[in-house]
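When a ligand or atom number is given, it counts from 1 through the structure's own listing order. Side-chain atoms are counted along with the backbone in the values below, which use heavy atoms only and exclude waters and symmetry mates.
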Amino acid sequence: MAFNDETRKVFAEEIQRIKDDGLYKEKRFICSEQGAEIVVEYPEGAPRRKVLNFCANNYLGLSSHPEVIKAAHEGLDSRGYGMSSVRFICGTQDIHRELQDKMSAFLGMEDTLLFPSCMDANSGVFEAILGQNDVIIADRLIHASLVDGIRLCSAEYDTFKHMNMKHLEKKLELHQDKRTRLVVTDGVFSMDGDLAPLDEMVALCDKYDAMLLVDDSHATGFIGKTGRGTHEHFGVMDGVDVITTTFGKGLGGASGGCVSGRRELVELCRQKARPYLFSNSLAPPIVSASIKVIDLISRSTERRDKLEWNTNYFRGKMEKIGLNIRPGETPIVPVMLYNAKLANDMARDMYAEGIYVIGFFFPVVPAGKARIRVQLSAAHEREHIDKCVEAFGKVGEKYGILGLSKEEIIARYGT
Ligand SMILES: *Cc1c(COP(=O)(O)O)cnc(C)c1O
């Protein structure tokens, strides 16, 4: 089918329908470095303005930290710009080894393998370690990149209801005939901010002879008393067999990911994982800066402590003004609005108040569960948070939703 005028019209009509429904994702351009305060061009072509960013994964405020930037420069100067190779040919430098060793120590694991991204780590890990006689039993809300990786693997795929341990136990019983059972979960679920109950999951895996893989992308660096992640939070550092995580969120926010875990599992990934074999090595400036990040957060918990304080402060104030936030303890704070257009409209009004947040709706979250997802950062100061809550109060009042229950919001706006 040629892309003729008729085809163009078909696509244009679908785009118009998205706009008519109030669900259009507009372009926004950031014209500064990433941080608590950013300079934004939005709508496209409008004058730039300074706003407060409350939707980055910059949990530890390290994306533009002077020491991290300096380390990136040093990596650039001493090891060059790019590797022009995959890891196993001529793409592994001494600094790649150093970062892997530091990650193993930080996460409390035996070995670590770097990937170009956590999406790549998740794409490669399952096929490398499992085969036809095995089964993967995953939480139903795991991240899309885990689902994609599982699809590439010949093991049987089964699921359990979100964080439902009774259901997981049933599935573990059901699959006792398999060679290997691998239970898969996110440590922190990115849309709801829920913590997977890893203590219970480890106990079940012990009881039913299963391995456990945790994607800790939204936890590494700040969940747990010293920021090691969800396994530290639940006191089960020895019970998790494989962790996948990203350098693209709390750990500086550039890019890169890893598989970290039992030595033989990581070694199999080194031999077989396709993104490791077929995609280019992480660039030296990123490796060098990531090493600095691990050094900084190993030395002091100051940043994760400040993030925790900010999170509690924000959650407390938002509950007080009567917005419907999902309870929890992570810096992911969903402001539940249920209706997609309401989420989009409120996000636009928040921008007018100088707060950069985004509405999330289907297919990013289940239909009828639209929200504005707020993410706290150690880069936020108390007055930033005060300003954000004040804006939510003003915009929430405009839409008449302050103090309303879920049912009342849905009665008024639908889903
Ligand atoms: C962001 C995210 C990823 C992808 O990480 P990248 O390094 O950006 O590819 C994978 N898993 C989870 C749970 C994530 O939140």
Side-chain angles (χ1 to χ4, degrees), residues 34 55-60 62-63 87 96 99-100 103 107 112-127 136 138-153 159 162-163 182-196 198 201 212-223 229-231 233 240 242-261 269 273-276 278-283 285-287 289-290 293-294 328 330-334 358 360 363-365 371 373-377:
Q34 185 63 279
C55 58
N57 298 314
N58 184 20
Y59 295 112
L60 294 168
L62 292 171
S63 302
R87 289 289 303 280
H96 291 86
L99 178 56
Q100 289 178 167
M103 276 310 274
L107 297 174
T112 298
L113 194 63
L114 297 179
F115 283 81
S117 68
C118 187
M119 173 113 195
D120 286 320
N122 289 339
S123 304
V125 64
F126 299 102
E127 195 199 12
I136 295 164
D139 187 290
R140 287 193 182 156
L141 290 190
I142 53 169
H143 192 257
S145 59
L146 290 165
V147 175
D148 288 0
I150 291 168
R151 284 191 186 133
L152 294 171
C153 167
T159 61
H162 181 49
M163 303 206 317
L182 177 67
V183 174
V184 176
T185 187
D186 291 18
V188 171
F189 287 86
S190 58
M191 286 301 145
D192 292 336
D194 298 341
L195 287 155
L198 290 193
M201 296 181 83
L212 179 59
L213 181 148
V214 178
D215 180 338
D216 234 7
S217 292
H218 282 278
T220 305
F222 52 94
I223 297 293
T230 316
H231 60 329
H233 177 89
V240 177
V242 190
I243 287 176
T244 63
T245 192
T246 182
F247 296 97
K249 294 194 166 104
L251 305 182
S255 64
C258 68
V259 171
S260 192
C269 289
R274 292 167 71 86
Y276 180 84
F278 298 115
S279 189
N280 207 43
S281 260
L282 209 48
I286 295 178
V287 177
S290 300
V293 166
I294 301 302
T330 67
I332 297 171
V333 187
I358 298 282
F360 287 77
V364 184
V365 294
R371 67 197 63 186
R373 180 182 68 172
V374 173
Q375 288 167 287
L376 281 304
S377 167

Within-cut-off N or O pair, Ser190 and ligand 1, under 3.5 Å: no
Nitrogen or oxygen of Met119 less than 3.5 angstrom from that of ligand 1: yes
Region of Ser145 that comes within reach of ligand 1 [heavy atoms, distance under 4.0 Å]: side chain
Side-chain H-bond candidate by donor/acceptor type, Ser123 with Asp120, under 3.5 Å: no
Donor-acceptor pair between His162 and Asp192 side chains, under 3.5 angstrom: no
Ligand 1 N/O within reach of Asp120 N/O, cut-off under 3.5 Å: no
Non-hydrogen atom of Gly256 closer than 4.0 Å to ligand 1: yes
Proximity flag Ser217 to ligand 1, non-hydrogen atoms under 4.0 Å: yes
Side chain, backbone, both or neither: Cys118 near ligand 1, heavy atoms under 4.0 Å: both
Any side-chain donor near an acceptor of the partner, Thr185 and Asp139, under 3.5 Å: no
Any N or O of Lys249 closer than 3.5 Å to N or O of ligand 1: yes
Aromatic ring pairing Tyr59/Phe222, orientation class (parallel under 30°, perpendicular over 60°, tilted between): tilted
